[in-house]
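Single-structure report; data block below.
Values in this document were obtained by computation on a predicted structure and should not be read as measured data.
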Amino acid sequence: MKLSVIIVNYNVSAFLEQALASAVKAMRGIDGEIFVVDNHSVDNSVAMVKSKFPQVKLIENQDNVGFAKANNQAIRISSGEYVLLLNPDTLVEEDTFEKCIRFMDETPECGGLGVKMVDGQGRFLPESKRGIPYPKSSFYKLFGLSKLFPKSKKFGAYHATYIGEDETHEVEVLSGAFMMMRKSVLDKVGLLDEDYFMYGEDIDLSYRILKGGYKNYYFPQTRIIHYKGESTKKGSLNYVYVFYKAMQIFAKKHFSANNAKVFNIAIDAAIWFRAALAALKRIVSRILLPLLDFVFIFAGLFAISKYWEHNVLLQRNSSFSDFYFYVVLPGYALLWLVSVWISGGYRKPVKRKQLNRGIVAGTVVILLIYALLPETMRFSRAVVVIGAVWALFAVNALRYLLSRWKLIEVDNRQLNQRIAIVGGLQETERVLSMVQSMNEPREFVGVIMTEHPDMEDRLYIGDVKDLSELLTIYHINEVIFCARDIPADQIIDWMNRLQDMQVEFKIAPEDSSSLIGSNTIFTTEDLYTIPLQTIYQQRSRRLKRAFDIVASILLLLFLWADIWFVNNKKGFVRNIFDVLQGKKSWVGLREAVSDSEFSLRPGVLHPSNAYPGSNFSDEMTRRLEEIYVRNYQVRNDLMILAKGFGMMGDRL
């Protein structure tokens with residue numbers, strides 16, 4: 001057997017599904033096997049593998065044994081000449097395995113091989129090629145010298161920045177996200193060291209391969225997408241502590257006593273330095289933006305007031321006092337800032353909708369206070385109104401500039417998301433049904449075909465060869481690629497080519513009800529960004545029951561009017577009393593859920609009723625119910641009732 005692929009999984013079912021689908025394609029024509037070692041996931045990972053990838057060899061652990069031990073379980077029973085450790089949050093090109101095997105066959109001194117990795121936006125990940133974390137190279141990285149002198153072998157050793165992104169070259173350290181090795185080499189140098197808690201296993205094994213007389217290579221002739229590579233919070237103190245503690249294990253194991261001691265002192269100093277830096281950064285990040293807002297708003301108000309005084313008030317033999325300029329105007333600015341803060345405008349990432357809502361609310365508060373003041377304290381309503389316009393412009397312009405300079409992150413999902421789906425006719429129709437089930441406001445622009453359709457389709461807006469031009473013409477800012485119709489290498493090519501256009505990319509794996517994005521699994525909601533307020537939480541159950549009671553009372557009070565809008569009028573009245581008695585809920589699942597921990601009443605309406613006229617498959621209906629349960633909000637019940645009002649008389 002030529003190749004054994006090993007994937008260790010823990011609670012990332014949708015990512016795993018895409019990784020396996022791409023690995024199965026890449027394995028075509030190769031005598032190989034694929035292992036999935038599941039570290040006791042509580043999602044549907046195991047069931048998904050069994051149902052969709054029966055050819056995969058599944059190892060089900062009864063607890064989370066860690067990355068190193070799980071990989072070693074599969075390595076010990078693998079049969080391939082080569083062993084590939086592959087992360088579940090990756091996507092490989094169709095010819096990745098073939099190219100890597102060919103290179104290793106032609107390069108007998110190669111003990112380990114890594115490839116070019118990009119993130120979910122097509123950007124190169126520097127951890128694709130690394131050096132041994134010697135004390136000097138670690139020091140240069142920790143204190144920023146590697147960024148100042150990236151072409152220097154001395155200062156850029158940690159991430160081998162002196163090696164070009166597209167240059168095949170010897171390297172010292174491979175990434176555990178994609179690590180292909182000869183089985184014979186592993187038999188000689190040993191498997192992954194299970195002493196490491198997290199991080200460092202790949203560095204340790206890479207170093208042992210070098211000590212065993214072999215070479216490690218960076219091979220950029222093929223690429224993979226590594227989603228989580230961009231999401232690890234490497235600036236956090238927790239990451240610094242865990243990672244560099246792993247480096248201390250490495251130093252103790254492989255360096256001389258003196259070097260290990262120096263390294264550990266440097267690591268401890270680095271942890272304290274990063275902790276102080278993180279604390280300072282937190283303080284600055286929290287006060288800097290409000291401070292800049294205050295300066296910009298106050299400066300504008302001051303200029304507006306001076307203009308108004310010179311061109312209007314002086315004509316009436318009047319003027320503003322110093323009290324107005326140095327107390328009232330700063331008070332206006334502070335009221336706007338407080339209002340922005342209350343509305344969530346200073347949360348990260350920046351959301352313009354909340355920002356603008358805060359300015360508007362602050363303006364209303366200022367005008368109300370103005371109206372309640374005695375005549376002698378009323379200065380100028382016009383300055384307030386013009387100042388509000390200036391405040392709106394100033395805070396938005398400031399954030400635009402800061403985001404362009406990459407100093408802050410703006411949540412573009414709060415803007416109008418204009419989506420295009422790229423793929424063939426049949427698959428784009430399936431993906432479109434998923435897009436239509438999204439909760440967030442999105443505007444579907446059209447379908448960009450991989451080939452020109454035989455007959456003109458109303459959704460068709462162009463061919464994939466003109467993708468960049470179509471994005472510009474139609475102002476598209478979100479693209480969904482259909483993996484069934486577009487090879488992974490072409491998807492990565494497009495991501496790389498379009499990465500400067502501020503477009504968000506997602507991939508729809510074949511036969512999957514998920515959309516995989518940059519750090520997101522989208523099953524009509526973003527898994528890593530939504531607050532997980534499940535319907536089974538006590539607070540959610542109270543809210544839901546209160547909603548049912550209030551809605552039922554209102555429906556009874558206005559029964560003389562609302563009964564004419566439902567199909568089954570007798571059933572409607574009976575449903576109202578069933579809900580009041582707690583036998584049903586206005587919105588629920590198709591079947592009641594009840595066990596020792598919680599219960600969920602059967603629903604008169606279901607989550608799919610929010611999309612009247614849609615003919616969802618059983619799988620999609622189940623997904624909608626999972627999302628409804630996982631992220632319960634009263635407004636969802638309101639929306640479902642509004643859209644499914646005519647069916648509120650239906651009986652179970």
Open item on the list: Between N396 and N356, do the side chains contain a donor N or O and an acceptor N or O under 3.5 Å apart?
Closed with: yes
TODO: Report yes if some heavy atom in the side chain of Y346 is under 4.5 Å from a heavy atom in the side chain of P290; otherwise report no.
DONE: yes
Open item on the list: If the condition is ring pair (Phe, Tyr, Trp, His ring centres under 6.0 Å), which residues does Y10 pass it with, not counting sequence neighbours?
Closed with: none
Task: Pairwise side-chain contact, V340 with V395, heavy-atom cut-off 4.5 Å (strictly under) - done: no
Task: Verdict with supporting geometry, R399 and D293, salt bridge (charged side-chain N to carboxylate O under 4.0 Å, His left out) - done: CA-CA 10 Å; R399 280 149 184 78; D293 283 341; 2.6 Å; yes
TODO: Check whether more than 12 heavy atoms from other residues, nucleotides or ligands sit under 6.0 Å from atom CZ of R381, and answer yes or no.
DONE: no
- [ ] Would you please test L467 and I448 for side-chain contact (heavy atoms from CB on, under 4.5 Å) and show each step?
- [x] CA-CA 7 Å; L467 180 57; I448 300 173; 3.4 Å; yes
Open item on the list: Hydrogens and angles aside, do Y227 and Q18 bring a side-chain donor and acceptor to less than 3.5 Å of each other?
Closed with: yes
Open item on the list: When you compare the side chain of L432 with that of I421, does any pair of heavy atoms fall below 4.5 Å?
Closed with: yes
Task: Taking every non-hydrogen atom, the tightest pair across M639 and A610 - done: CE-CB, 3.9 Å
Open item on the list: Restricting to salt bridge (Lys or Arg N to Asp or Glu O under 4.0 Å), what partner residues turn up for D578, sequence neighbours left out?
Closed with: K584, R651
Task: Shortest non-hydrogen contact between E309 and F325, atoms and distance - done: OE1-CZ, 3.9 Å
- [ ] Could you tell me whether E478 and K506 make a salt bridge, using a distance below 4.0 angstrom between a side-chain N and a carboxylate O?
- [x] yes
- [ ] Check the side chains of S468 and W494 for a donor-acceptor pair under 3.5 angstrom, ignoring hydrogens and angles.
- [x] no
